[in-house]
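Please read all numbers here as calculations on a predicted model, not as lab measurements.
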Amino acid sequence: MPKLTINDKEIVVPDGLTVLQACEMAGAEIPRFCYHERLSVAGNCRMCLVEMERAPKPIASCAMPVGEGMVIRTDTATVRKARQGVMEFLLINHPLDCPICDQGGECDLQDQAVAYGYDRSRFKENKRAVEEKYMGPLIHTIMTRCIQCTRCVRFATEIAGVEELGLVNRGEHAESTTLEKAVDSELSGNLVDVCPVGALTSKPYAFTARPWELKKTLSVDVMDAVGSNIRIDARGREVMRVMPRLHEAINEEWISDKTRYACDGLRRQRLDRPYVRNAEGKLRAASWNEAFRTIAARLKGVEGTRVAAIAGDLCDAESMLALKDFMTGLGSANIDCRQDGAALDADCRAGYLFNTTIADIEKADAVLLIGTNPRREAALVNARLRKTFLAKGLKIGLIGESADLTYPHDYLGAGPDSLKELLEGRGFAEVLKSADKPMIVVGMGALSRPDGAAVLAMARQLAEDCGAVSENWNGFNVLHTAAARVAGLELGFLPGEGGRDLAAILAGAEAGDLDAIYLLGADEIGMQRLGAAGQGPFVIYQGHHGDAGAHRADVILPGAAYTEKNATYVNMEGRVQLGRLAVFPPGDAREDWTILRALSEVVGERLPYDNLSELRQRLVGLNPRFAAVDQIEKAEWGVFGQAGAVTSEPFRNAVRNFYMTDPISRASETMADCTETFVLGKEGATGTDG
């Protein structure tokens, strides 16, 4: 570990650091534009110049490795003059757009021009102008502002894994471009964050708000099961944008495009009042009391065995617990949170968690993906896999649909037959057995099928055979696609003794064996199996969007979206996280657990909590893990899955269209534009699924 002197202060730093990193460890602020701690070093903006003893001229600190005995000075007259000169050059061609630039108030160039720049310019020549570039429906370009830091090029190539951005020409003619192609990546919105000026801005957010107008709320994302940490920026009662929040163990500082841009769906197709279906079969607006009385009248005298409930993919833990308690009061064990019919149960916690954890993907040296496309199903998990591949040459095998995962991998086959070959010790099994820390990732495409339990058992057996499970390492992982799934399993929102699961609920609805079904944000099931309104079972839909469930419902109860309530979520690792209320629900909509609490009073099965604090006490009493916020508890290994016959039918990925997977993203105009550009456009061009 080298010792160096920075501004007359001795400091010992780890090997492999740059002078810039060492200076910041010593408390010296170094300006920079091209340098980013998660990207490769470019060394082309020269803003980070410092003086080094015995060096003939200032050095670029971002590109200079630390060495024993270095003497660095960061605030001498020479350094200040050099930085002022660099800033003067950067501003030669930069337009005076600050009053109308979306980056205004959050711009590195603004901040550093004030802190390190010169107060005038000596250049009188005309500024150059650069034509705007097309980068798709998400990124707005004003390339005259570009300072050629190449952060966007390096992010696209290294993190996102799509080599669609590059720098063309030289000198003052240099331009960053995609050659008029849309940036086809699930992480493309992060290009806006890494751009230090206003050259790349958010197209959907353009000219809508200023950062100082926005109320910022720290929360978590529910668009997938990763649990990305986010910041919700709102003005009044409207969510204006969603930004990433640093969490090294989950999403680092990135978020997916759906997380970032689907927020405009929160304003469209909202349920803002209760509805009751009248005698003519049409939904009409009603009061809360009327809606509750209608439900109470239909449930009166109905046996609990003829009532069922299904929880959707965006539900919070509090609302699922309230619904579970409500159904218990009615005497019903027919409850299920597995909207896709995944063959998972709560008997063994290791059988439904991402046991390795997202951060520890970087420790793995071989990975087998079964029935999953992490690029679509969990973009931040896929980014970790790519990061690990780049860092240590991670060996990756895939069983399922062939796909471009942004990193090289061995395609092993399409279905369970290929998994059987690995169980026999052939092919990629040797790679897994020879690895120190092998990983197996099972997706919903392998589990949400009739033989899913048998596939799960085969994957467990393979994990044991190849040494993926040991005292210090658990390489068996289930990759979920629903934000509510793990919380539902932790709560036991599953069929009780003699209860019906999802398949049996739908079959019972078709056979006339069920009189009432409660859908808590459940929109992804086959609604046609519930029969037509007035003919099938009485359907109560509680949710925040007029999606599939609301169209079939006999009574609609308007709930709150994830940005509109204080709620608890559990990500695929089993990490408990808290979502925060950023804006209030529209109209008469209310937080979900409060609706169930009020309904229970009218029905005559009063729930035993009157506020969120009491409900959370009940939550922790049911499962103490809910008290350990942002912590990981290791799951004990056991037996799960169910041995049995499997078919040769290929695995089919759970997510067909990354941009539309839930009621919020389906209501989003931005996601519709992305679907047209990246999904339908590909289908039209290639005849394949996007």
Side-chain angles (χ1 to χ4, degrees), residues 271 274-284 286 288-312 315 319-339 341 488 493-543 547-559 592 595-607:
L271 299 173
Y275 289 87
V276 174
R277 198 174 293 276
N278 60 23
E280 288 76 39
K282 295 184 178 180
L283 289 168
R284 60 171 180 81
W288 279 107
N289 285 335
E290 183 183 358
F292 287 163
R293 286 197 302 268
T294 302
I295 295 170
R298 291 299 300 263
L299 293 180
K300 187 175 182 180
V302 176
E303 293 182 12
T305 55
R306 298 185 66 85
V307 181
I310 302 171
C315 295
S319 64
M320 285 190 286
L321 176 58
L323 181 55
K324 180 183 179 184
D325 289 346
F326 180 65
M327 296 301 290
T328 300
L330 295 177
S332 174
N334 305 323
I335 60 174
D336 205 340
C337 65
R338 300 163 300 184
Q339 206 178 188
F493 198 96
L494 297 167
E497 186 176 351
R500 296 172 179 264
D501 62 7
L502 177 82
I505 290 172
L506 296 178
E510 288 181 309
D513 296 334
L514 293 176
D515 292 332
I517 298 178
Y518 203 116
L519 303 180
L520 181 61
D523 293 280
E524 317 304 326
I525 62 175
M527 294 298 169
Q528 72 281 357
R529 299 188 65 186
L530 302 184
Q535 299 176 12
F538 182 72
V539 175
I540 307 153
Y541 177 78
Q542 180 178 328
D547 209 78
H551 286 288
R552 169 57 186 87
D554 295 293
V555 174
I556 296 174
L557 305 177
D592 292 291
I595 296 172
L596 285 154
R597 169 63 181 81
L599 175 60
S600 71
E601 188 101 41
V602 177
V603 172
E605 297 292 342
R606 183 180 179 277
L607 295 177

Determine the sole option in Ile335, Ile505, Leu506 for which the side chain to side chain contact (heavy atoms under 4.5 Å, CB included) test with Arg500 is passed. Ile505
Distance (rounded to the nearest 0.5 Å) between Glu303 CD and Leu514 CG: 11.5 Å
With a 4.5 Å limit on heavy-atom distance, are the side chains of Val276 and Asn278 in contact? no
For Asp592, is there any backbone N or O sitting under 3.5 Å from a side-chain donor or acceptor partner on Ser319? no
Side-chain contact test, heavy atoms from C-beta onward, threshold under 4.5 Å: evaluate it for Val307 versus Asn334 and give yes or no. no
Under 3.5 Å: donor-acceptor pair, side chain of Gln339, backbone of Glu524: yes
Using the rule given for side chain to side chain contact (heavy atoms under 4.5 Å, CB included), can you reason through Thr294 versus Phe538, listing the C-alpha separation, both sets of side-chain angles and the distance that settles it, and then say yes or no? CA-CA 11 Å; Thr294 302; Phe538 182 72; 4.2 Å; yes
So Phe493 and Leu321, do their side chains get closer than 4.5 Å, heavy atoms only? no
How far apart are the closest heavy atoms of Ala516 and Leu299, and which atoms are they? CB-CD2, 3.7 Å
Under 3.5 Å side-chain donor-acceptor pair for Tyr541 and Asp523: yes
Side chain to side chain, Pro537 and Asp515, heavy atoms closer than 4.5 Å: no
Any Phe292 side-chain heavy atom under 4.5 Å of Leu557 side chain: yes
Does Ser332 reach the side chain of Thr305, with side-chain heavy atoms less than 4.5 Å apart? no
Measure across Leu283 and Ala553 and return the closest heavy-atom pair with its distance rounded to 0.1 Å. CD2-O, 3.7 Å
Scanning both residues in full, the closest heavy-atom pair of Val302 with Arg306 reads CG1-CB, 4.1 Å
Can you list the residues that meet the side chain to side chain contact (heavy atoms under 4.5 Å, CB included) rule with Asp501, with sequence neighbours excluded? Asp336, Arg338, Pro495, Ala503, Ala504
Give me the atom names and distance for the closest heavy-atom approach of Ala322 to Leu596. CB-CD1, 3.8 Å
Nearest 0.5 Å, please: how far is CG in Leu520 from CE in Met327? 11.0 Å
Is the closest side-chain heavy-atom distance between Ile540 and Leu519 below 4.5 Å? no
Partner of Val539 by side chain to side chain contact (heavy atoms under 4.5 Å, CB included), out of Met527, Arg552, Arg277: Arg552
Minimal non-hydrogen separation, Gly341 against Leu502, with atom names: N-CD2, 3.7 Å
Given side chains that start at C-beta, do those of Gln542 and Leu323 come closer than 4.5 Å, heavy atoms only? no
Taking the side chain from Arg293 and the backbone from Trp288, do they hold a donor-acceptor pair closer than 3.5 Å? no
Can you tell me how far the OG atom of Ser600 sits from the CD atom of Glu605, to the nearest 0.5 Å? 8.5 Å
For a quick test of reading the model, state the closest non-hydrogen atom pair linking Ile517 to Ala509 and the distance between them. CD1-CB, 3.9 Å
